[in-house]
Amino acid sequence: MSYDLIIIGGGIAGLSTAVRSIEQGLKPLVLEKGDEPDYPCNARYSGGVVHVAEKEMRAPEADILAKIDHLTDGTGSSGLAAIMAEDAEQALEWLRGNGAKFVKGGVLEFMRWVLAPPRPRRPGLDWKGRGPDVLLRNLTASIEAGGGTLERGVRGRELIKEEGRVVGLTAERGGETIEYRAAAVVISDGGFQGDLDLVRKYISPKPEALFTRGAGTGCGDGLRMAKAVGAKLVGTDRFYGHLLGREAFQNEKLWPYPTADAITRSSILVDQSGNRLLDEGKGGIFLANEIARLDDPLSITVIFDDAVWTGLAADNRYPPCMNPAFVNEGGTVFAADSLADLGDQIGVPGDALIATVEAYNQAIDAGTCGDLSPARSTEPVAPQPIRTAPFHAIELCVGITYTMGGIAIDGESRVLDTNEQPIAGLHAAGSATGGIEGGPNAAYLGGLSKGVITGLRAADSVATAKS
Ligand SMILES: Cc1cc2nc3c(=O)[nH]c(=O)nc-3n(C[C@H](O)[C@H](O)[C@H](O)COP(=O)(O)OP(=O)(O)OC[C@H]3O[C@@H](n4cnc5c(N)ncnc54)[C@H](O)[C@@H]3O)c2cc1C
């Protein structure tokens, strides 16, 4: 069989690339390492919320750009991230044109477009027959109906480059090595969160202490093969993830939801000595990244009072909430009438914990949170004092979902070499790519929208190169 392009990975990025390439008159082959028709991938496990930078997909481009700038400290609009604002509405319409159904998932703006049928707002993993699973099945059917092929059980391994151009790859299928050739290859293998060595190299000194909050199928094959043919890598130090109760390692009902983000953002995080180490106000994704960098990512506990537990922790706008879902599913929330007793329960010196809480409360009262060490930001969520007994604690772990950095691409999803020049015949899309998300704030712009937008651009670029 001869194909115009070979796509490595059948998540939302790979399947969108394939369907769009058929619309452009091309014949795609998707190689997917999963064997089963409903092979695991992050797209299938996802919550199905399609947004860009937590703005709804039809928001004016300027508003989305402003939000991207806000999240990226003003750098987003001048870089590759701007394509997310430019293409948001078009990507939504493309999905709808390809059978995606949406519902409004809640009152928060970013939940305007949730793939239907939506995932129930319950703890634990729940993907079968939900919107993202249905979308992937529909896209697969469109590929087959349009003359393309999805081959399962094939793991892409090495690119073939001849005379400066990528002309195919070798792959493993059932212990055999097979060679595939086409004018273009698109890498969409979902990132490198599933590879301990790469996570150790770029993200955490102790990758085994991070909880895999996803399918774990992105094992860095794409990154390795792109690097081997001279690709530049960007932003590999950041990932999308959340803070979870540490018991997620033993209790499958405690991941991917509920997350502890809403609590941590309004409370304090302490280490085993009772000290604060981080600016809790910067949110769960940033905090997850920073905790992953610690020598011991399993050393952090969130401390909060009963006002937070019965207030923000029970805020039902984005369920399932820690209160009550976490407890109902067997998670431990330590509680004590004094901070000293709470310290005893979690193995943190009580006097140190009291001193940390007093300094934090005083800073809130005096409006001097910026003078704390480390400083505590007060927007968009104000810090809450820790005063109302009983006092609570939850031991945390970092849940890593997908890596935000990876293969450098340009606005046509062409892979760039270390001199920032496109490598002929090579594209990348979705979580395999870098340069859109991440940076100092670990800015999260939306994994599904990134997959579709970079995938559509990759297909268009391959079509243009062929014509
Ligand atoms: C629990 C959870 C909730 C999420 N919720 C949301 C949400 O609500 N909104 C949002 O925007 N994002 C969400 N995300 C993130 C989103 O799912 C991802 O960003 C997105 O799916 C990435 O798409 P992708 O196609 O790049 O990668 P994936 O969906 O991971 O697909 C990559 C595919 O490549 C395959 N593969 C890997 N290596 C090879 C190889 N060598 N050869 C062949 N095949 C290979 C894998 O098996 C996989 O099928 C969530 C993720 C999770 C896990």
Side-chain angles (χ1 to χ4, degrees), residues 6-18 29-36 38-54 57 84 91 105 110-111 113-115 118-119 124-127 130-132 135-136 139-140 150-159 169-173 180 185-195 212-225 239-242 244 255-257 259 318 399-404 406-407 428-433 436-437 444-455 458:
I6 300 168
I7 298 160
I8 305 169
I12 193 163
L15 299 186
S16 299
T17 307
L29 167 66
V30 182
L31 302 178
E32 164 55 49
K33 72 175 177 181
D35 290 311
E36 302 299 322
D38 55 0
Y39 52 86
C41 61
N42 272 355
R44 209 181 295 280
Y45 282 11
S46 82
V49 185
V50 180
H51 64 94
V52 170
E54 299 194 348
M57 301 293 281
M84 298 284 282
F110 87 105
M111 302 202 71
W113 303 102
V114 177
L115 286 164
R119 180 193 184 284
L125 197 56
D126 182 340
W127 56 266
R130 308 303 179 200
L135 174 65
L136 294 194
L139 293 176
T140 302
L150 168 65
E151 256 194 66
R152 294 192 303 270
V154 185
R155 182 171 182 176
R157 279 300 198 181
E158 203 175 341
L159 296 167
L169 74 152
T170 55
E172 285 167 13
R173 189 177 60 190
Y180 294 87
V185 173
V186 182
I187 297 174
S188 52
D189 71 330
F192 64 86
Q193 57 281 356
D195 184 279
T212 301
R213 184 188 173 270
T217 46
C219 295
D221 293 338
L223 181 140
R224 285 196 173 93
M225 48 182 130
F239 64 91
Y240 167 69
H242 290 285
L244 303 171
W255 76 276
Y257 312 100
T259 79
Y318 188 41
I400 178 168
T401 306
Y402 71 81
T403 43
M404 288 178 174
I407 303 165
S431 303
T433 68
I436 291 179
E437 301 181 280
Y444 167 60
L445 304 187
L448 293 173
S449 54
K450 183 167 80 172
V452 177
I453 287 169
T454 52

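Both ligands and their constituent atoms are indexed starting at 1 by order of listing. These figures come from a predicted structure and were not determined experimentally.
- Counting heavy atoms under 4.0 Å from ligand 1, residue Pro40 touches it through the backbone alone.
- Residue Tyr39 approaches ligand 1 through these ligand atoms, each under 4.0 Å from one of its heavy atoms: 49 (O).
- Residue Ala429 has no N or O atom closer than 3.5 Å to an N or O atom of ligand 1.
- For the residues Ile12, Ile7, Val49, Leu169, the heavy atom positioned nearest atom 8 (O) of ligand 1 is part of Val49.
- At a 4.0 Å heavy-atom cut-off, ligand 1 does not touch Val50 at all.
- Within ligand 1, the atoms closer than 4.0 Å to a non-hydrogen atom of Thr401 are 51 (C), 52 (C), 53 (C), numbered from 1 in the order shown.
- Heavy atoms of Asp221 found under 4.0 angstrom from ligand 1 belong exclusively to the side chain.
- No donor-acceptor distance shorter than 3.5 angstrom exists from the side chain of Ser431 to the backbone of Gly191, with no hydrogens or angles considered.
- Contact annotation: for Phe192 versus ligand 1, there are no heavy atoms closer than 4.0 Å.
- Taking a 4.0 Å cut-off on heavy atoms, Gly48 registers as neighbouring ligand 1.
- Under the 30°/60° scheme for interplanar angles, the aromatic rings of Tyr444 and His51 are found to stand perpendicular.
- Remark: ligand 1 atoms within the under-4.0 Å shell around heavy atoms of Ile8 are 40 (C), 42 (N), 43 (C).
- Here His242 pairs with Tyr240 under the ring-ring contact (aromatic ring centres under 6.0 Å, His included) rule; sequence neighbours left out.
- Between the side chain of Asp221 and the main chain of Arg157, no donor-acceptor pair closer than 3.5 Å is present.
- Between the side chain of Ser449 and the backbone N or O of Val50, no donor-acceptor pair lies under 3.5 Å.
- Under 4.0 angstrom from ligand 1, the non-hydrogen atoms of Ser188 all belong to its backbone.
- Across all non-hydrogen atoms, the minimal contact from Ala458 to Thr17 is CB-CG2, 4.2 Å.
- Contacts between Pro256 and ligand 1 below 4.0 angstrom, taking non-hydrogen atoms only, involve the side chain exclusively.
- Here Lys450 pairs with Glu437 under the salt bridge (Lys or Arg N to Asp or Glu O under 4.0 Å) rule; sequence neighbours left out.
- Residue contact check: Arg213 has heavy atoms under 4.0 Å from atoms 53 (C) of ligand 1.
- In the candidate list Ala43, Gly10, Gly11, Gly11 is nearest to atom 31 (O) of ligand 1, counting heavy atoms.
- Under the 3.5 Å distance criterion, the side-chain polar atoms of Arg119 are left unmatched by any main-chain donor or acceptor of Ser46.
- Under a 4.0 angstrom heavy-atom cut-off, Trp255 registers as lying outside contact with ligand 1.
- Inclusion of Gly214 in the set of residues having an N or O under 3.5 Å from an N or O of ligand 1 is not warranted.
- No N or O atom of Gly430 sits closer than 3.5 Å to an N or O atom of ligand 1.
- Inspection of the Thr401 and Arg213 side chains reveals an N or O donor paired with an N or O acceptor under 3.5 Å.
- Side chain of Tyr39 to main chain of Gly10: a donor-acceptor pair is present (N/O by atom type, distance under 3.5 Å, no hydrogens or angles).
- Checked against a 3.5 angstrom limit, the closest N/O atoms of Ala13 and ligand 1 fall inside it.
- Near Tyr444, meaning under 4.0 Å from any of its heavy atoms, are these atoms of ligand 1: 9 (N), 10 (C), 11 (O), 12 (N), 13 (C).
- Between Tyr240 and ligand 1, no N or O atom pair is found at a separation short of 3.5 Å.
- At a 3.5 angstrom cut-off on N or O pairs, Glu32 counts as close to ligand 1.
- Below 3.5 Å of separation, one finds no N or O of Cys41 facing any N or O of ligand 1.
- With ligand atoms numbered from 1 in the order given, ligand 1 contributes 11 (O) to contacts under 4.0 Å with heavy atoms of Gly446.
- No donor-acceptor distance shorter than 3.5 angstrom exists from the side chain of Thr433 to the backbone of Ala429, with no hydrogens or angles considered.
- Not a single N or O atom of Gly34, backbone or side chain, sits closer than 3.5 Å to an N or O atom of ligand 1.
- For a threshold of 3.5 Å applied to N or O pairs, the pair formed by Lys33 and ligand 1 contains at least one separation below that value.
- Of all heavy-atom pairs between Gly11 and Leu136, the closest is C-CD2, 4.2 Å.
- Of the listed residues (Val30, Asp189, Ile187), the one carrying the non-hydrogen atom nearest atom 36 (N) of ligand 1 is Asp189.
- Contact atoms of ligand 1 toward Val154: 42 (N), 43 (C) (distance under 4.0 Å to a heavy atom of the residue).
- Checked by atom type and distance alone, the side chain of Ser188 pairs as donor or acceptor with a backbone atom of Gly9 at under 3.5 Å.
- Under a 3.5 Å cut-off, the side chain of Asp189 and the backbone N or O of Gly222 do form a donor-acceptor pair.
- Close approach to Ser431 involves these atoms of ligand 1, each under 4.0 Å from a residue heavy atom: 19 (O), 22 (C), 26 (O).
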